[in-house]
Amino acid sequence: MLANEQARGGRCWRCSSLVSVKEMVQWFLKITDYADELLDGLEHVVFPENVRLQQQDWLGRSEGALIRFPVVDSDEVIETFTTRPDTIFGVTFVTIAPENPLAERLVAGTEHEDAWRELRAEVLGISDMERGMLRDKKGVFLGKHAINPLNGEKVPIYAGNFVIATYGTGSVMAVPGHDQRDYDFAEEYGIPIRQVLLEHDGDVPADELDRAFEGYGPMVNSSRDGFDGLAGKDAISAVIAMLEKEGAGHGTVEWKLRDWGFSRQRYWGTPIPIIHCDKCGEVPVPEEDLPVELPDDVDFELPDDVDFEGKGNPLARVAAFLNVDCPTCGAAAKRETDTMDTFVDSSWYFMRYMDPSNSDVCFDADAAEYWMNVDFYCGGIEHAQLHLIYARFWTKALRDLGLHSHDEPFQKLLCQGMVNAPTPFCEACNTTLHVEHRETGVCPHCGGPLRERSAKMSKSEGNTVNPTPIVEKYGADTMRLFMLFSANPTAGMDWSDTAIVSNFRQLNTIWSLPAQVAGWGDAASPVDNWLAARFRQRQREWRAAMDDVELRVAVRISHYEFNTDLQWYRRRGGSNKELVTGMLRELAPMLHPATPHIAEELWEETGGEGLLAAHLIGEMGAEQEGDASELAAEQYLRSLLEQARKMRGLAARHLEGEPREVTIQCAESWKGELCRMGMDLREEDFDMKSALKVIMTREFAHDAEVRKQIPGVWKRVQKQLFKWSPDEKGILRAEVDEVATITAATDFLASELGVDSVQVWTAGEGDDVGDKARFAFPLEPGIAYQ
RNA sequence: GCAGGGAUUCCCGAGUGGUCAAAGGGGGCGGGCUCAAGAUCCGCUGCUCAGUGCUUCACAGGUUCGAAUCCUGUUCCCUGCACCA
C-alpha cells in the first residue's frame, strides 16, 4: 500500500516493484481538510521558489463549477466538474470514467454493454500511473444521452479511458472546440465540434476548427441571451450565476490533493490504535492504553502454507497482539494490524526533540511553545511533496488538537543539492536499479539491457560511497572539507573524489603553519599592518558567507584565502611571529565548523584556552581606522607588479639580453584630479559631453602643454569610469601616493622582476625613459625596461 | 504535454549590466628549492603586442554608450508532474 506521492512511474519509490491496483480497506487522514491552509501557509514561510511551486502543484487547487447533466429518460444525473464554465454552450458530449458506477447503471441493458465491459477491464488492469502514460484515447458510447442544463440540448454520453475516476466527480463535460483532448476524442468518434469562444474580439466564428482554442475569449454562439461577448472571469461568473439560479450547479473548488492513505501492511511502523469489535465496530484504543506498542516476539518467517503474496504483515500472526477485549463492551475483539506510514513519525519528530525525555505525553506544550517553530530546516528537494507537506499538515492538526499554537513547522527552508553517482538504469522500464544488477547487466523487470546513468546517491540503489576508507586514508577533516568545497549547498554534484588530495594537502599546509611560524623572528615590518587589515577583511567576508549558508565560499575563505594572504605577506618580507600566531588563534574558530579536529589542534597550539568547541563565535573582524588605505596601497602594488611583469616579457624581446633596470613613471597629479572629477560628475549624472568645458576652466588646464593633452586623457577617463573596481576607485579617492608606495617597495619589486634597480618618479620630473611618460595614467604608470 | 533548472575558456566549476579574457580547483608547461623524487613556493596556460588592441561564455537576432549577465527565437541536457477536465 502506497500513497499517491510514493509511486513513481508506476513503481514503488523505494523498491521499484510494480504498483498494481487492489481494493483494500484502509485508514486515511483527512489532509484535504487542510488544503486551503496548506496552500495559504506557503506565503508565510521562507521556502525556495521551486519547493513552493512543487507544493502548489501538488495541492493543485482549481476553481471552477460543478454542473449537473440530467440523463434523458432516467432519474440519473451526471455531475461534472469544470474549470471552464464559460464553454458550457460548446458541450457536445459527456465523458465519464469507465469504472464510475454510474457508467454501469447507464449502459446496462443496451447493446454497448460488452464494449464498455471491455474498456473497463482494460482500465482496471493498469495503475493510474500507467494509465497516465497511455496516449490513445478510447471511448465507448453508453447508449444514453444527457441534457445540457443551460440550453436543454441532448448530448451523447461516453465512457472514456482518459477520465480519472478519483478526480473531481469522475465525469467531464466535453467541449471539443476548446479542449484539445476533447477535440481529439470528437474527431475520433465523429462528434460535432462547436466554437463558442472567439480568439480575438471581432473575429468571425469559423465553420470548422482545425484545433481547440483553449484560451479565454469572448463568448459566441451562446444558445441563451446575455452571454455573447462576455469573456474570461466575467463569462465564468455569469455562467455560474445562471447555473445557481436554475439549480443546475454551483461554483466550487477542486484539489489534486487526496486524503493521505497511511495504512501499511508492515510490522515496522506505529500501530494504528483501533480495535475491531463485531458488535461495536471500530473502537479507538482508550487514551490511557496509548501508545500501542509493537510486540517484539514476532515471527518473521512465513509458515510453509502461507503464500507470500498479499500476506506481508507478520503482526497478523501474533495472537497476543491481535486478540484483545473490546474497550466498550468487553467482548473478544481484534486489534488493527495495519501500521502507520513511517512518514507519520517524521512529521513531528522535531517536536519530540523539544522534550525528548517526557514519558507522560508526546511533548509538553510549554516546551513546544518555547522552541517552535524550527528556524532553519535543511533537507533534500525530494521532500518537497512528501515530508514537507505531511509535516506541515501534522503540525496544523496538532495545533488544532491544542498541543501547541504554531501554524507552520519550518520557518526557513534550504534544500541542499543531491549528490549523484552512477547507477544502473533500464530505459524500457524508465527505472534506476540497485547497483547489484550491474553484475548481470539485465533488467530484473523486463530482461532488457541496462545502461549507466547518474542518479542521486541512496541506500535503496546502493550507489553510495563509503566514507570510511577515505576517512582512514585522509582523516575525517579532509572528508568534510572536500564535501564542503565540492559544491555550494544548494547545487547538486556528481560524485568525484579526484580533488580530495588537494584538500588533504591544504589541511597539511594549515597543520604545518604553527611550526613554520615558530621559526620566524619577532621583528615588526611594514606589511604587518596590511596583513592585520587583510585578516579583518577576511573575517568579515567569512562571517557574511556563513550567515548566508554559502558554505563553499566560507570554506574557501577560511581554508584557502588566509594561506594565500600569508604567502604574499612572506614575499613582502613579513615575519612577525607574534602577530601571525595570534592570527592563527583567531583563524581556528573559522576552521572549526568545517574541520573541527584540526581547528582544535591549532587552537591549543597557538595558546587558546579550553575546548574551542565550547566557545561562541561573536562579532569578528571589525574594520579599523586606516584599514582601507592599507589594503588599497598593497593592492596597487600587486597590480603594478602584474603589469610590470607582463611588460617585462614584451621588453625582453626588444632588448639584447635580460633587462637590468626598470623605470616607472607615475601619472601627473592633474590626471588623478581628472579621474576624481570624472567620478564626481558620474555620481551627479552630469552630462559628460559638456564636461570638457568645465574642466578647461580648472587651474591645471591653464598650462598650455597640459591643455593640449586634456581631451585625450579625458576620453580615457570616461572609459575607465566603468572599468574601475570599487577598490580601484578607493585608491583614486584616497589619493594614494603612487610614487611613495613604489619607492617603499623598490627592493621587493626589483627582486620580483629580476632587475638590478627600480627607479620611479612622476612623469615630467625625470628623464622620459623609453618615451613611456605618455602612457602614464593613474593606477597604470608608464613602465620602461633597459 | 505542463512546470522548473541548465549549456561558461583543456576538465570541474564561480559568475544576474561596466569590478570580466572571466574567481577557485584540477590538469599541463616553465622556474626556485633538492644529489634526486615528493612536498612546497613562484610564474605561464584565447590571439596579438614594448602597453590603451582583437576574438570569446550553446546558436541566431535584439535592447544598451556598454551584455557571459537583460529580451526574443532555436537546438540540446537535467529534474518534477504527468490525459486533473
Side-chain angles (χ1 to χ4, degrees), chain A residues 5 8-9 48-54 56-58 60-62 64 80-84 87 95 128-129 131-137 160-164 166-175 179-182 184-185 254-256 381-382 384-385 418 420 453-454 456 485-488 491-494 496 498-499 501-503 505-506 508-509 512 516 552-553 555-556 560-561 564 567 570-571 642-655 659 688-689 712 715-716 718-729 752 770-772 774-775 777 780 782-785:
Chain A
E5 301 88 309
R8 283 189 186 165
E49 197 50 27
N50 58 341
V51 173
R52 194 192 303 273
L53 284 168
Q54 279 188 43
Q56 264 173 26
D57 218 46
W58 191 259
R61 184 177 197 276
S62 318
T80 63
F81 172 73
T82 180
T83 54
R84 298 299 302 275
T87 64
T95 327
D128 271 3
M129 283 298 175
R131 201 163 153 187
M133 291 173 213
L134 284 179
R135 291 268 75 116
D136 293 346
K137 301 204 176 3
N161 66 345
F162 56 89
V163 180
I164 301 168
T166 50
Y167 179 77
T169 58
S171 311
V172 187
M173 65 173 221
V175 185
D179 182 289
Q180 192 58 40
R181 193 193 43 212
D182 293 341
D184 295 343
F185 192 89
E254 273 296 327
W255 298 82
K256 275 202 261 182
I381 180 71
E382 74 274 25
Q385 281 143 336
M418 292 187 224
N420 301 319
R453 170 182 156 161
S454 193
K456 148 184 112 155
F485 198 60
S486 295
N488 256 330
M493 65 171 279
D494 288 330
S496 156
T498 51
V501 182
S502 88
N503 297 106
R505 283 186 208 139
Q506 191 63 27
N508 275 321
T509 303
S512 69
Q516 248 185 68
R552 194 177 122 110
V553 174
V555 159
R556 205 189 65 216
Y560 284 83
E561 309 277 26
T564 307
Q567 273 151 22
R570 290 292 284 166
R571 278 167 77 187
E642 256 169 56
Q643 289 174 54
R645 187 150 30 220
K646 218 182 214 168
M647 231 26 76
R648 189 189 192 281
L650 294 175
R653 295 188 217 164
H654 292 257
L655 297 170
M688 287 292 173
K689 280 159 195 155
K715 211 172 156 189
R716 173 97 193 271
Q718 285 186 69
K719 205 166 170 186
Q720 288 296 320
L721 282 176
F722 301 109
K723 292 197 171 179
W724 286 316
S725 68
D727 284 349
E728 286 171 328
K729 284 181 185 165
E752 288 285 329
D771 190 25
K772 297 297 174 195
R774 62 201 166 92
F775 289 110
F777 191 77
E780 294 168 51
I783 299 168
Y785 285 89

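First the proteins, then the strands, lettered A, B, ... as listed; each starts at 1.
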Look at R571(A) and rG43(B) and indicate whether a side-chain polar atom (N or O) is within less than 4.0 Å of OP1 or OP2. yes

Point-to-point distance, once rounded to the nearest 0.5 Å, from OG1 of T169(A) to CD of E254(A): 7.5 Å

Contact class for K646(A) vs. all strands (heavy atom < 4.0 Å): base, sugar-phosphate, or nothing? nothing

Polar-atom pairs under 3.5 Å, protein N or O versus N or O of nucleotides 53-57 of chain B: list them with distances, or write none.
{"unit_1": "rG53(B)", "atom_1": "OP1", "unit_2": "K719(A)", "atom_2": "NZ", "d": "3.1"}

Closest contact, heavy atoms only, R645(A) versus E752(A): NH1-OE1, 3.8 Å

Using a cut-off of 4.0 Å on non-hydrogen atoms, how would the nucleic acid contact of A784(A) be classed: base, sugar-phosphate, or nothing? base

Does a side-chain N or O from S171(A) land closer than 4.0 Å to OP1 or OP2 of rA85(B), or not? no

How far, in whole Å, is rG24(B) from rU9(B) if one measures between their C1' atoms? 14 Å

Both I783(A) and Q506(A) contact RNA chain B. Which one's nearest nucleotide lies toward the 5' end? Q506(A)

Restricting to salt bridge (Lys or Arg N to Asp or Glu O under 4.0 Å), what partner residues turn up for D179(A), sequence neighbours left out? R181(A)

Which nucleotide sits closest to the side chain of Q54(A): rG80(B), rG43(B), rA50(B)? rG80(B)

S62(A) and T83(A) have their tightest heavy-atom pair at CB-CG2, 3.7 Å

At under 4.0 Å between heavy atoms, what does G782(A) touch on the DNA or RNA strands: base, sugar-phosphate, or nothing? base

To the nearest 0.5 Å, tell me how far F185(A) CZ sits from N161(A) CG. 8.0 Å

Picking from rC81(B), rA50(B), rG13(B), which would you name as closest to the side chain of R552(A)? rG13(B)

Taking atom P in both rA23(B) and rG31(B), compute the distance separating them and give it to the nearest angstrom. 25 Å

Determine: side-chain N/O of Y785(A) to OP1/OP2 of rA50(B), distance under 4.0 Å, yes or no. no

Within the 4.0 Å heavy-atom criterion, would you say Q567(A) contacts the bases, only the backbone, or no part of the nucleic acid? sugar-phosphate

Between T509(A) and Y560(A), which has a closest nucleotide on RNA chain B that is more 5'? Y560(A)

Measure CD/E254(A) against P/rC83(B) and give the value in whole Å, please. 16 Å

When the C1' atoms of rU64(B) and rU72(B) are considered, how many whole Å apart are they? 16 Å

Heavy atoms only: give me the nearest K772(A)-I783(A) pair and the separation to one decimal. CG-O, 3.6 Å

Measuring only the P atom in each nucleotide, how far is rC57(B) from rC10(B)? A whole number of Å is fine. 12 Å

So does A644(A) get a backbone contact from the side chain of Y785(A), meaning a donor-acceptor N/O pair under 3.5 Å? yes

Remember a base hit wins even if backbone is also touched, and classify R645(A) as base, sugar-phosphate or nothing at under 4.0 Å, heavy atoms. sugar-phosphate

Under 4.0 Å between a side-chain N or O of R505(A) and OP1 or OP2 of rA39(B)? yes

Between R648(A) and rG51(B), does any side-chain N or O lie under 4.0 Å from OP1 or OP2? no

